[in-house]
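Presented below is the structure to which this report refers.
A quick note: this is a predicted structure, and the numbers were derived from the prediction, not measured. Residue numbers begin at 1 in each chain, while the letters A, B, ... track the order of the sequences.
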Amino acid sequence: MTQTRYYPTRSPEPEKEKTGGGGGGGGGTAMRVIVPLQGVVQGRGGLVLGSIIPCALFYFLQFYLKRNRDDPDDQNESSSPPQNPTTPSPSSEQLTELPALTRSLSRPLLSPRNPSGPIPISGRVSGIVKGAESPYYIGLRRIKEDPYDELDNPNGVIQLGLAENKLSLDLVKDWLAEHANEAILGNGKELSICGIATYQPFDGLMELKVAVAGFMSQVIEKAVTFNPSQIVLTAGATPAIEILSFCLADTGNAFLVPTPCYPGFDRDLKWRTGVEIIHVPCRSADNFNLSITALDISFNQAKKRGLKVRGIIISNPSNPVGNILSRETLYSLLDFAREKNIHIVSNEIFAGSTHGNEEFVSMAEIIEPEDIDRKRVHIVYGLSEDLCLPGFRVGVIYSLNEDVLAAAKKLTRFSAISAPTQRLLISMLSDSRFVQTFIRANRERLQRMYVQFVAGLEKMGIKSIRSGGGFYCWADMSGLISSYSERGEVELWDRLLNIGKVNVTPGSCCHCIEPGWFRFCVAILTEKDIPVVMDRIQKVLKPAN
Amino acid sequence: MEFTRNNNNRQLLSKIATNDRHGENTPYFDGWKAYDSNPFHPTQNPDGVIQMGLAENQLCVDLIEKWILENPDASICTAEGVDRFRDIAIFQDYHGLEEFREGVAKFMGRVGGNRVKFDPNRIVMSGGATGANETVMFCLADPGDAFLVPSPCYAAFARDLRWRTGLEIVPVDCKSSNNFRITRAALEEAYEKAQSSNINVKGVIIANPSNPLGTVLDKETMRSLVSFINDKSIHLVCDEIYAATVFGSPRFISIAEIIQDMDCNRDLIHIVYSLSKDMGLPGFRVGIVYSFNDDVMNCARKMSSFGLVSSQTQFLLASMLNDEEFVGNFLRESSKRLAKRHNVFTKGLERVGISSLKSNAGLFFWMDMRPLLKEQTVQAELELWRVIINKVKLNVSPGSSFQCSEPGWFRVCFANMDDETVKVALERIREFVHQGKEKDGVSEKSKHWRKQNLRLSFSSSRLYNESLMSPHMISPHSPIPQSPLVRART
């Protein structure tokens with residue numbers, strides 16, 4: 001709730017430079033007020049909040065009026081009072097809500113029984129319709145309009161904002177060309193289309209579950225076996241996370257999410273479920289590592305606010321930072337979950353995309369089969385990242401909790417995987433030699449790209465956190481932003497997109513509490529692209545320096 | 001430790017994970033379980049249960065199979081198609097492949113007799129019609145709101161529309177006396193009742209062609225529906241997933257065609273479509289939301305991340321649906337085969353004195369077994385249904401699963417089996433009716449006869465025990481979870 005923030009979207013071009021000074025100062029002031037305000041709200045709760053919020057509202061109103069008099073087209077940043085999402089922000093018509101996806105339980109403004117009123121839709125829609133879009137969607141649109149191509153469109157926008165791995169696609173393609181001629185229809189005799197056209201179990205074909213379980217073990221490179229009957233397959237990791245959220249929490253309950261985090265959690269965890277997210281800030285001082293103390297503080301604050309915390313969601317390797325959680329951290333996490341009696345959802349979609357020397361430990365390795373705590377641990381996996389197949393939409397829920405499995409199986413009818421795709425993957429994943437070669441080659445390539453990219457940034461004096469897995473480089477550009485605030489960060493993001501023509505993810509999309517951090521997806525590039533990207537970043541940085 | 005005890009463990013799960021709204025504890029699904037545990041096979045299990053509860057169209061799979069074999073370049077996993085692999089494998093844009101959207105829009109237009117053009121840019125993907133219906137509900141209503149559903153209606157609406165969304169459904173009773181037509185009066189009545197019970201009605205959802213009836217809505221009914229929702233300023237969701245299964249006149253009319261020449265607020269109109277029934281491809285999980293309301297379209301598109309169609313499948317279908325010659329041929333042949341099968345079944349039943357509602361669409365018909373009920377109650381209907389499933393070994397679906405207010409109707413699916421199985425099914429029904437008639441006359445005859453017939457009788461003591469054991473039989477009303485309105489009424 002406290003993270004609801006508003007962002008400017010309109011014409012981010014030159015006039016900003018002109019008005020940036022005054023507005024930026026104002027924004028900075030706003031941040032300076034709001035940050036302690038959040039602390040107070042979370043810390044003490046009700047009483048103080050009652051007096052501070054109206055003051056803040058009044059402050060913003062004045063702020064808005066003053067600014068509006070100067071220049072009605074001014075860009076600015078504001079922050080909406082967290083406890084009252086239905087009150088429109090004074091300048092909401094100009095501003096965009098960053099998370100963009102909110103589900104408000106409030107009824108539409110006018111009763112549908114009044115025929116003359118506007119068309120009533122659900123709160124979920126209104127949440128989207130009100131704001132325009134987050135940097136994520138703006139970036140995507142720019143890419144669509146003007147995609148970079150080395151030959152055809154050398155001045156186009158380069159995509160560094162998606163979780164996409166193009167490094168090893170050729171391996172998959174070669175395999176298909178060689179082996180999969182008959183993967184869908186068989187050889188025309190044995191396996192007919194009846195096996196794919198007709199209704200299949202919604203939670204996935206057993207053969208694919210067996211193949212995926214084998215793939216997961218191979219990826220982890222350890223003697224961890226996954227039991228296929230504990231697997232539920234979904235159309236991507238997105239529905240897998242949503243289904244777990246639906247299963248583990250009721251509307252109004254909350255999940256702890258260490259930040260910076262995967263930007264999609266806002267959509268996956270809470271949009272349609274009505275579940276709250278409580279961000280647990282991790283800091284650059286600790287290399288953004290998860291700390292149990294921070295979890296504990298957030299848990300207690302949530303409790304004071306009357307929120308029921310149902311679980312923690314971690315990404316391991318983490319997205320966007322690329323940290324790999326140590327065995328000790330995982331054990332203490334489990335201790336913490338046991339003590340608070342809550343669930344752990346471990347998002348391990350990058351398990352096969354580790355590329356350092358660090359050991360990756362799956363949550364599956366931590367939980368003993370006889371452990372009573374096995375019921376509180378749920379693993380999310382997918383083939384989009386580790387097998388470079390985001391288009392195929394294969395997500396995995398692995399749980400040792402029978403009740404969760406039973407419910408998830410029923411819920412997969414809303415997001416099942418297409419059967420021809422399943423057939424194709426069964427034959428691909430069953431070829432263990434291919435899988436082995438693929439995983440090894442993919443790791444090597446990822447490593448090479450990552451090292452080159454980081455070196456390129458360092459040449460420009462941009463430092464990043466050392467990543468052990470995933471597709472990203474998490475870089476510190478806080479020294480390069482005009483004001484140490486989200487506004488400064490989004491401004492730089494905007495210049496990167498419109499001047500440098502590289503689409504990256506600003507840290508605020510990942511709910512990073514420190515401004516100035518950016519996420520670069522390196523797996524989407526080719527080696528030839530790296531110098532181009534570096535040149536473009538350099539071009540953006542120059543005028544600021 | 002709290003966690004170890006099963007009861008408390010379940011407390012750690014959400015209501016959605018632990019409540020009954022998935023609806024699988026109803027006869028509709030019990031029948032499926034009976035089938036699953038003992039499925040019919042002509043040679044390996046000739047005494048097994050024949051599945052007649054699954055609306056699946058298997059009559060034309062050979063056409064699809066032939067097309068796929070003849071068009072290897074449509075698949076990215078053939079030597080001919082693999083060049084497109086790179087683009088397709090990483091394609092994760094929730095707008096969907098352009099050629100796929102075009103193909104679907106063209107197909108929808110064609111199914112509607114080319115009287116309306118569908119805009120490819122309004123095509124939103126979803127995980128099957130199940131996902132599409134749920135998505136629309138997520139977009140149109142908040143927890144606690146309600147939708148009016150003319151009944152008898154699709155059995156799983158109770159699940160798809162309510163389970164995760166927290167909505168309610170309010171049945172609009174349609175009666176056999178006017179062939180289950182949806183009347184303005186019935187709509188008004190249900191609407192008024194909901195309002196007086198303080199239920200916020202957000203819209204009406206209809207299936208056209210109707211599931212379970214197999215009938216299509218006529219122009220007049222649709223126009224009155226539109227003016228009803230327009231007057232009330234509530235939404236109209238048209239589930240048109242059976243549009244291409246129409247095999248006789250009158251023709252299918254899409255709501256998109258109706259509103260073309262009507263003065264109404266188009267923002268209120270939404271269509272749900274799918275390729276599961278019309279193309280017989282439920283395994284491909286293609287559901288479509290087509291809304292005339294931009295906000296709903298945008299929202300639904302963002303939600304499609306929860307049920308995207310695999311890009312490999314999109315690509316395959318794009319080539320298939322854009323092959324106009326194939327599509328034309330497929331649609332012609334499909335309705336021809338459906339008509340034939342429908343005819344075999346209904347005529348076969350007429351010969352043994354079982355009638356059904358006159359229908360011209362769908363993969364099922366609505367069988368009238370009211371004369372065979374001991375009394376006109378839901379219990380009697382379910383009792384008869386248990387006999388049919390356990391003794392006659394046919395999994396047909398009782399009308400109460402479809403919220404039908406009149407007991408004694410059953411939905412019979414006919415397109416998911418081959419001709420041989422049809423013969424066996426008809427033979428079983430014939431035998432059953434025959435023996436039932438004999439039994440009526442048996443009281444005067446010798447005890448010897450009675451003994452033999454006991455196997456097929458309605459009222460064996462074993463059946464009675466069974467009914468006591470299953471909780472929903474004790475309920476005096478339909479076993480489907482009821483809307484608050486119904487509960488309030490009773």
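Between chain B and the residues A/G395, A/C388, A/A406, A/P390, the largest count of heavy-atom pairs under 4.5 Å involves A/P390. In terms of heavy-atom pairs under 4.5 angstrom with chain B, the leader among A/T238, A/V172, A/L411 is A/L411. Note: B/G283 leads B/G127, B/A129, B/G280, B/G283 in heavy-atom pairs under 4.5 Å with chain A. Listed options A/A235, A/G236, A/A249, A/A240 were ranked by heavy-atom pairs under 4.5 angstrom with chain B; first place goes to A/A249.
One distance of note links CG of B/L12 with SG of A/C247; it measures 13.0 Å at 0.5 Å rounding. Rounding to the nearest 0.5 Å places CG of B/D160 at 5.0 Å from CZ of A/F414. Between the CG atom of B/L316 and the OG1 atom of A/T421 there is a distance of 9.0 Å, given to the nearest 0.5 Å.
Neither the backbone nor the side chain of B/A156 comes within contact range of chain A, judged by heavy atoms closer than 4.5 Å. Only the side chain of B/L54 comes within contact range of chain A, with at least one heavy atom under 4.5 Å from a heavy atom of that chain. Both the backbone and the side chain of A/L389 come within contact range of chain B, judged by heavy atoms closer than 4.5 Å. Residue A/A237 does not touch chain B at all, counting heavy-atom pairs closer than 4.5 Å.
In plain terms, the two heavy atoms of A/S415 and B/G307 that are nearest each other are CB-CA, 4.1 Å. Nearest heavy atom pair, residue A/L424 against residue B/Q312, reads CD2-CG, 4.1 Å.
Surrounding CD of B/E98 are at most 12 heavy atoms belonging to other residues, nucleotides or ligands under 6.0 Å away.
Side-chain atoms of A/D250 never come within 3.5 Å of backbone atoms of B/S14 as a donor-acceptor pair (strictly under, hydrogens ignored). At least one donor-acceptor pair closer than 3.5 Å links the side chain of B/S311 to the backbone N or O of A/G391. No donor-acceptor distance shorter than 3.5 angstrom exists from the side chain of B/R285 to the backbone of A/A419, with no hydrogens or angles considered.
Between B/T313 and A/F392 there is no side-chain heavy-atom pair separated by less than 4.5 Å. Under the 4.5 Å side-chain criterion, counting only non-hydrogen atoms from C-beta, B/R159 is not in contact with A/K410. The side-chain heavy atoms of B/F306 and A/W271, taken from C-beta on, include a pair separated by under 4.5 Å.
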Going through the checks in order, is the side chain to side chain contact (heavy atoms under 4.5 Å, CB included) test met by A/V404 and B/L13?
CA-CA 8 Å; A/V404 170; B/L13 302 188; 3.5 Å; yes
With side chain to side chain contact (heavy atoms under 4.5 Å, CB included) as the criterion, how do B/E134 and A/R272 come out once you've worked through the C-alpha distance, each side chain's angles and the decisive distance to 0.1 Å?
CA-CA 11 Å; B/E134 193 198 39; A/R272 305 201 299 187; 4.0 Å; yes
Test side-chain hydrogen bond (donor to acceptor under 3.5 Å, both in side chains) on A/S418 and B/S310 and set out the steps.
CA-CA 6 Å; A/S418 140; B/S310 139; 4.7 Å; no
Show the numbers, then the answer: is there a side chain to side chain contact (heavy atoms under 4.5 Å, CB included) between B/H22 and A/R413?
CA-CA 10 Å; B/H22 50 71; A/R413 68 173 55 249; over 6 Å; no
